[in-house]
Amino acid sequence: MKVVLLGPPGSGKGTVAERLLRDFKFLYVYPGGMLREEMGKKTALGKKVAQFLGKGKLVPTPIVVGLVAKKIKGKTHYLLDGFPRSMDQITLLDNPHLVEQVIFLKISEKEVIERFAGRRICSKGLHSYHLKVLLPKQVGICDHDGTKLIRRTDDTPAVIRQRFQVYRKETAEVINYYRRRKLLATVNARGTPEEVYQRVKKVIEQLK
Ligand code: AMP
């Protein structure tokens with residue numbers, strides 16, 4: 001199965017993805033996490049992309065497509081989290097068979113804004129938590145890799161606003177494109193992490 005997970009910032013993509021990986025053993029392809037990891041390690045690529053992430057802008061398409069294409073080459077069972085996010089990423093990927101199902105987590109901007117205050121992520125930038133609805137087993141520590149939980153550096157009001165703008169301008173068009181191609185399943189992303197996940201799980205189970 002080749003699945004794409006899309007939705008506005010804060011819609012719960014990372015939280016849904018973690019559960020999908022647990023239950024369906026997808027290869028996880030998450031450009032946001034890969035880019036943050038590069039930034040953390042201060043690699044040449046990390047330094048190059050820091051300005052884009054810091055401003056809530058999309059990283060240039062050739063960089064992201066390069067990362068993704070390398071990871072999915074020859075693979076048939078993967079979950080793309082937050083990719084493709086603009087029409088030129090679809091064009092550059094240029095292979096309609098690389099996507100079989102798109103899950104769109106639908107939620108209003110107003111509802112999602114309230115989630116941001118409690119949002120946390122592990123220091124590796126990979127695992128998501130929330131101070132009210134998704135707590136780690138040990139306060140302030142990631143269940144998976146034992147690193148400290150932090151706020152994402154791009155979770156500030158100004159950067160969140162910019163990320164929403166990018167979403168409306170670029171990603172909404174991608175969602176419409178997949179709707180026209182009849183590959184889109186729209187899932188209501190309101191509710192607890194488990195409620196949302198059960199809705200997504202149903203869609204994936206129907207694909208098997
Ligand atoms: P995310 O963790 O998915 O919210 O992504 C965090 C940041 O990584 C975004 O605000 C972008 O700067 C960058 N990013 C993630 N996915 C993509 C993508 N498909 N295309 C370009 N930039 C991306």
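Count residues from 1 along the sequence. All values derive from a computational prediction rather than experimental measurement. Just so you know, ligand 1 is whichever comes first in the structure, and atom 1 is the first atom listed for that ligand.
- The protein non-hydrogen atom at the shortest distance from atom 12 (O) of ligand 1 is Lys57 O, 2.6 Å.
- The backbone N or O of Lys2 lies less than 3.5 Å from a partner atom in the side chain of Glu100, making a donor-acceptor pair.
- Follow the hydrophobic side-chain contacts under 4.5 Å out from Val99 and you reach Phe83 in the same cluster.
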Would you give me the side-chain donor-acceptor pairs under 3.5 Å for residues 129-141, sequence neighbours excluded?
| from | atom 1 | to | atom 2 | distance (Å) |
| --- | --- | --- | --- | --- |
| Tyr129 | OH | Asp143 | N | 2.9 |
| His130 | ND1 | Lys132 | N | 3.0 |
| His130 | ND1 | Val133 | N | 3.3 |
| His130 | NE2 | Arg115 | O | 3.0 |

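- Alongside Phe164, the hydrophobic cluster contains Ile107, Val112, Ile113, Phe116, Ile160 (criterion: ILVMFWY side chains under 4.5 Å).
- Gln89 NE2, 2.7 Å is the protein heavy atom nearest to atom 20 (N) of ligand 1.
- Distances shorter than 4.0 angstrom do not occur between any heavy atom of Lys55 and any atom of ligand 1.
- The heavy atom nearest to atom 19 (N) of ligand 1, considering only Gly82, Pro9, Ser11, is found in Gly82.
- The shell of residues lying under 4.0 angstrom from ligand 1, judged by heavy atoms, includes Arg152.
- Hydrophobic clustering of Ile, Leu, Val, Met, Phe, Trp and Tyr side chains at less than 4.5 Å, counting indirect connections, keeps Ile103 apart from Ile90.
- Contact detail for Tyr78 and Leu98: the closest heavy-atom pair is OH-O, 2.7 Å.
- In this structure, Thr153 and Thr156 approach most closely via the heavy-atom pair O-CG2, 3.8 Å.
- For atom 16 (N) of ligand 1, the nearest non-hydrogen atom of the protein is Arg85 NH1, 3.2 Å.
- Among all non-hydrogen protein atoms, the one lying nearest atom 2 (O) of ligand 1 is Tyr30 OH, 2.5 Å.
- Val59 N, 3.0 Å is the protein heavy atom nearest to atom 22 (N) of ligand 1.
- At the shortest separation from atom 13 (C) of ligand 1 among protein heavy atoms lies Leu35 CD1, 3.7 Å.
- Within ligand 1, counting atoms from 1 as listed, the ones closer than 4.0 Å to a heavy atom of Arg36 are 2 (O), 6 (C).
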